[in-house]
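Worksheet: the structure to be examined is printed underneath.
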Amino acid sequence: MKNGDHLFLVDGSGYIFRAYHALPPLTRKSDGLPVGAVSGFCNMLWKLLREARDTSVGDTPTHFAVIFDYSSHTFRKEIYPEYKANRSAPPEDLIPQFGLIRQATKAFNLPCIEKEGFEADDLIATYARLAEEAGAEVTIISSDKDLMQLVTPNVSMYDSMKDKQIGIPDVIEKWGVPPEKMIDLQALTGDSTDNVPGIPGIGPKTAAQLLEEFGDLDTLLARAGEIKQQKRRENILQYADQARISRQLVTLKKDTPIDVGIEDFGLEPQDGHKLIAFLKTMEFNSLTRRAAEATGVDASEVEPARLKIEAVAEAHGPDVDVEPANEQITSRQVSAGPNLAAASPKQSASNIAATPADLVKSRTDEVLAAKFDRSAYVTIRDVATLQVWIDEAMTSGVVAFDTETNSADPMQADVVGLSLATRPGRAAYIPINHKSGDGDLLGGGLIEHQIPEREVFRLLKPLLEERSVLKIAHSMKYEWLVMHRHGIDLHPLDDTMLISYVLDAGEGSHGMDSLCDRWLGHKPLAYKDLIGSGKSSVTFDKVTIERATEYAAEDADVTLRLWRLLKPRLVADGLVSVYERLERPLIPVLARMEERGISVDRQILSRLSGDLAQSAAAIEEEIYRLAGEKINIGSPKQMGDILFGKMGLPGGSKTKTGQWSTSAQLLEDLAAEGHELPRKIVDWRQLTKLKSTYTDALPGYINPRTKRVHTSYAMAATSTGRLSSSEPNLQNIPVRTSEGRKIRTAFIAEPGNKLISADYSQIELRVLAHVAEIPQLTQAFADGIDIHAMTASEMFGVPVKDMPSEVRRRAKAINFGIIYGISAFGLANQLSIPREEAGQYIRTYFERFPGIRDYMESTKAFARQHGYVETIFGRRAHYPEIRSSNPQHRAFNERAAINAPIQGSAADIIRRAMVRIEPALDEANLSARMLLQVHDELIFETAEAEVEATIPVIRAVMENAAMPAISLSVPLHVDARAANNWDEAH
DNA sequence: GTCCGACCGTA
DNA sequence: TTACGGTCGGACG
């Protein structure tokens with residue numbers, strides 16, 4: 001905590017009583033649980049936090065804590081056994097609310113502070129002092145006069161129920177003395193509610209007057225004889241000791257031992273999920289709605305928190321206001337009253353609990369108990385039945401669905417049918433476009449008794465766009481795209497594939513079949529068995545409606561079951577925000593990118609392809625001549641035999657299948673020794689690679705309808721959090737060679753538009769500098785100097801100015817090596833130097849940057865211990881085989897584990913940027929469309945006239961993408977450029 | 001027809 | 001030395 005920070009301390013226990021008496025009684029509708037004070041408490045917190053977000057003035061909290069009394073046995077009882085002895089037990093209907101208010105605090109993501117043997121007031125006094133000493137402002141949320149002694153120019157109070165600020169002048173106005181004399185005033189007046197004796201006959205007015213006259217209590221007691229009024233004088237003389245004890249009782253202890261420091265009170269972002277779950281349990285409907293709006297979480301998809309009875313019982317005990325006799329409230333006694341847990345009858349008492357882990361357990365049991373029965377699935381053939389299912393989904397608030405189409409490409413797919421599931425085992429299929437046998441007749445063959453396509457979508461649209469109904473699919477991006485072609489804006493969404501990915505990245509595939517087998521122990525019908533394979537395969541519209549029903553309804557059923565099983569694990573594993581901030585919001589963003597596609601110039605590719613063919617043919621002739629025979633140059637096996645067998649060149653390494661290696665690196669080395677053939681092979685390979693993979697393949701991906709190329713991004717394919725691109729892969733379009741770059745000139749903007757390329761500069765090294773806390777690196781990035789040259793200078797003692805390019809090249813290779821979890825073997829390979837020399841480089845590097853070695857070692861240790869590593873945003877990458885007994889295998893996993901937090905954090909950063917970029921462009925009234933992502937680069941297309949205005953918006957979003965979740969210790973830098981094609985823009 | 005390894009394009 | 005996807009040849013059935 002520092003100068004300018006502002007700590008809010010809520011007097012939780014004080015609030016409970018005040019709210020209980022001041023607010024009208026309120027009970028939970030479903031079971032009559034009294035929740036008036038809880039409601040008031042939640043509303044107060046909401047308001048305080050709401051204002052904290054809305055206003056930008058200095059008096060908003062940066063730090064926040066709620067303080068509670070713990071037990072009635074405090075040090076004051078030692079001084080004065082009668083202290084608070086007059087207190088009666090709290091009202092019956094207040095008791096359950098003590099625990100609930102603590103849970104409310106936690107639901108709001110706020111520190112919940114209490115300490116045995118001390119009152120909340122003492123903790124507040126201690127924290128206020130600490131904060132003030134740190135230079136911070138403090139606001140105590142309470143109107144209790146006992147706390148007014150704490151008021152200073154930097155510490156004020158706030159009466160949340162009267163919306164009144166209490167500062168020094170307010171204390172003086174109310175009590176007639178400044179805050180620092182409140183202790184003496186209370187010592188004189190006493191406090192009947194706490195049984196603090198004071199001096200009889202002296203109230204606040206008299207006390208203030210006396211203190212005004214004598215200055216302080218000690219002086220007053222010493223000179224009491226001077227007091228004119230006889231009765232008053234006698235009382236003061238007689239009860240002087242009582243006043244001294246009272247002073248001890250009312251003096252708050254500013255040095256209470258604390259377990260949690262003020263630095264841990266930093267205001268955390270609201271966890272919408274957790275908060276809504278609690279508010280729903282309490283049935284605070286309007287607050288639930290407001291929380292949903294403010295946090296962007298869809299309340300309908302949040303399960304009410306199932307409060308743990310035991311937890312409530314425990315929470316009763318510690319409160320100071322519960323007398324010892326009441327502390328041992330058993331769960332039996334509590335559950336005899338309102339049913340806090342709303343437990344279903346089949347659950348045993350020990351299983352009622354609803355810690356997130358318990359919920360996972362009970363959901364697992366539930367899902368495994370429900371058997372699969374394909375004969376129970378329904379085929380929907382008429383509008384009335386469809387309406388029944390839609391109503392059912394509307395009521396349940398959750399529906400899993402799956403579309404069956406005639407193409408794996410969502411940009412081309414026609415819907416054949418659609419399945420729904422509303423609860424495990426309850427699923428149906430709506431056939432829409434099933435065709436009979438091989439009806440070659442034009443448009444013919446549509447099977448009877450299928451609801452017309454338009455009618456199906458007209459009826460489904462309100463459900464699929466209803467904000468109170470959560471739609472679940474496995475691989476939602478595909479569904480989103482298909483639905484969007486039918487004019488449906490699918491939301492809100494959940495995706496079981498992405499949930500699995502967030503939970504278990506690195507633990508195998510996240511396809512539905514494998515998840516079903518893994519979690520539900522069930523093998524669903526195989527798609528292949530329905531459509532066949534190869535030449536004899538058919539499209540889904542030729543599958544019989546009976547078989548399609550079994551298959552499709554089962555998929556929806558499985559999806560729903562997986563969701564019930566996996567979704568709670570997000571909470572249990574603390575991965576809700578990774579899912580909700582980095583995965584789910586990206587679904588519509590990526591879907592729109594895929595939908596837009598990018599324009600590719602067929603003519604340019606065609607011309608390039610011709611050129612490549614010609615060059616390759618010429619080289620082919622030469623190769624045949626040099627080899628002395630016609631062989632298949634594309635076959636490494638045949639090529640190896642020629643080079644190392646027939647021609648007897650010095651063979652390098654061998655591949656694991658026993659073949660000679662003919663890698664480009666090795667052939668380059670041979671070429672450098674003067675051999676002609678290897679050079680030709682390398683050249684030939686480059687040309688044919690460009691031709692077959694790019695110039696020949698890309699035109700086939702131009703969509704006949706849109707005339708553009710629509711790649712497909714896989715969101716759950718990598719272990720690190722990166723996306724992958726396929727069909728076509730637009731993340732590996734050549735750029736390194738001038739020949740290859742020509743391919744990029746075929747990626748063009750529409751007439752009147754430009755392509756903008758914006759890429760992060762050195763993002764992974766910056767992330768490394770941040771996570772490993774390397775001072776030289778952070779400094780270099782802060783100063784904007786050449787990072788590889790700096791590394792070389794540090795390592796080899798060469799000045800940056802006029803540095804030989806070879807020296808810089810080596811440093812650059814080492815820097816990349818570090819990111820990849822360097823080994824001497826790998827570095828030696830990369831730099832073509834002896835392994836000993838590479839090892840020496842690495843040792844030197846670690847000497848100069850010891851933090852890097854620490855980072856690597858601690859990352860490995862973490863991975864070994866937990867089986868996974870984390871990015872700076874909490875995304876996990878699992879390495880289940882990091883404890884392998886095979887040293888090579890283990891070393892490989894270790895390097896990957898070192899790399900994953902770096903690569904993954906960079907991936908998270910660009911994901912955050914992508915989620916924010918569309919709203920930012922909208923806000924700025926700009927029409928730019930995001931088209932592509934290439935790991936650290938985003939490609940946009942925009943009207944020529946808007947280019948200048950667009951670039952700064954994109955740059956700002958990208959450079960600030962880590963904020964506010966993470967404040968990087970290095971700046972992010974984005975280079976952006978606009979041009980007519982991708983080559984010139986990059 | 002399907003699968004796997006070698007190779008090579010990207011960050 | 002990290003992370004991917006596509007193409008090809010070649011082996012298998």
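Chain naming here is simple, since letters A, B, ... match the order of the sequence lines and numbering starts at 1 in each.
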With the side chain of Tyr694(A) defined as its heavy atoms from C-beta on, choose the nearest nucleotide among dA3(C), dG9(B), dG1(B). dG9(B)
Could you tell me if the ring centre of Tyr501(A) sits under 6.0 Å from that of Tyr579(A)? no
On a heavy-atom basis, the closest approach of Met593(A) and Met930(A) is CG-O, 3.3 Å
Contact class for Glu727(A) (heavy atom, under 4.0 Å): base, sugar-phosphate, or nothing? sugar-phosphate
Give the nucleotide from the list dT10(B), dA3(C), dG5(C) with an atom nearest to the side chain of Ala896(A). dA3(C)
Calculate the interatomic distance between Leu690(A) atom CG and dC8(B) atom C1'; express it in whole Å. 10 Å
Rounded to whole Å, CE of Met715(A) lies from P of dA3(C) at a distance of 21 Å
Between C1' on dC8(B) and CG on Leu666(A), what's the gap in Å once rounded to a whole number? 15 Å
May I ask you to verify if any side-chain N or O of Ser724(A) is less than 4.0 angstrom from the OP1 or OP2 atom of dA3(C)? no
Classify the side chain of Asn732(A) and the base of dG9(B) as holding, or not holding, a donor-acceptor pair under 3.5 Å. yes
Remember a base hit wins even if backbone is also touched, and classify Ala697(A) as base, sugar-phosphate or nothing at under 4.0 Å, heavy atoms. sugar-phosphate
Nearest-neighbour nucleotide for the His935(A) side chain, dG9(C), dA11(B), dG5(C) considered: dA11(B)
Within this structure, what is the CZ-to-P distance between Phe816(A) and dA11(B), rounded to whole angstrom? 10 Å
Confirm from the modelled atom types if Arg736(A) and dA11(B) form a donor-acceptor pair under 3.5 Å, side chain to base only. yes
Kindly state whether the ring of Tyr845(A) and the ring of Phe849(A) have centres lying under 6.0 angstrom apart. yes
Taking only the side-chain nitrogens and oxygens of Arg722(A), find out if one of them lies under 4.0 Å from OP1 or OP2 of dA11(B). no
After noting the C-alpha distance and the side-chain angles of Gln903(A) and His935(A), does the key distance pass the side-chain hydrogen bond (donor to acceptor under 3.5 Å, both in side chains) rule? CA-CA 9 Å; Gln903(A) 187 184 114; His935(A) 307 308; over 6 Å; no
Under 4.0 angstrom, heavy atoms only, what part of the nucleic acid is Ser725(A) near: base, sugar-phosphate, or nothing? sugar-phosphate
Look at the side chain of Ser635(A) and decide which nucleotide, out of dG10(C), dG5(B), dG6(C), has an atom nearest to it. dG10(C)
Side chain of Ser719(A): nearest nucleotide among dA3(C), dT7(C), dA6(B)? dA3(C)
Looking only at side-chain N and O atoms, does Thr693(A) come under 4.0 Å of OP1 or OP2 in dC8(B)? no
Using a 4.0 Å heavy-atom cut-off, does Gln686(A) contact any base of the nucleic acid, only the sugar-phosphate backbone, or nothing at all? sugar-phosphate
I need the CD1-P distance between Ile902(A) and dT1(C), as an integer number of Å. 17 Å
How close or far is atom P of dC4(C) from atom CD1 of Ile910(A), stated in whole angstroms? 17 Å
Taking the side chain of Gln638(A) as its heavy atoms from C-beta onward, which of dT2(C), dT1(C), dG10(C) lies nearest to it? dG10(C)
What contact category does Ile733(A) fall into here, base, sugar-phosphate, or nothing, at under 4.0 angstrom with non-hydrogen atoms? sugar-phosphate
Do Arg581(A) side-chain atoms and Val915(A) backbone N/O form a donor-acceptor pair below 3.5 Å? no
Atom CZ of Arg744(A) and atom P of dG9(B) are separated, to the nearest Å, by 13 Å
Out of dT1(C), dG5(C), dA3(C), which has the shortest distance to the side chain of Phe892(A)? dA3(C)
Expressed in angstrom and rounded to an integer, what is the separation of Arg835(A) atom CZ from dT1(C) atom C1'? 13 Å
Identify whether any heavy atom of Asn632(A) sits under 4.0 Å from a base atom; if not, whether one sits that close to sugar-phosphate; answer base, sugar-phosphate or nothing. sugar-phosphate
Where the side chain of Ser692(A) is concerned, which of dG9(C), dC8(C), dT10(B) is the nearest nucleotide? dC8(C)
Could you walk me through whether His889(A) and Glu881(A) satisfy the side-chain hydrogen bond (donor to acceptor under 3.5 Å, both in side chains) test, starting with their C-alpha distance in whole Å, then the side-chain angles of each, then the deciding distance to 0.1 Å, before giving a yes or no? CA-CA 8 Å; His889(A) 194 113; Glu881(A) 296 181 319; 3.0 Å; yes
Does Ala664(A) reach a base, just sugar-phosphate, or nothing at all? Heavy atoms under 4.0 Å. sugar-phosphate
At 4.0 Å (heavy atoms only), tell me whether Gly817(A) reaches a base, stays on the sugar-phosphate, or touches nothing. base
Reference residue Arg679(A); test salt bridge (Lys or Arg N to Asp or Glu O under 4.0 Å); the match among Glu622(A), Glu668(A), Glu673(A): Glu668(A)
Is the phosphate of dC7(B), meaning OP1 or OP2, less than 4.0 Å from a side-chain N or O of Thr662(A)? yes
Can you figure out which of dT1(C), dA6(B), dA11(B) approaches the side chain of Thr655(A) most closely? dA6(B)
Does the side-chain ring of Tyr820(A) sit on the six-membered ring of the dT2(C) base, less than 5.5 Å centre to centre and under 30° in tilt? yes
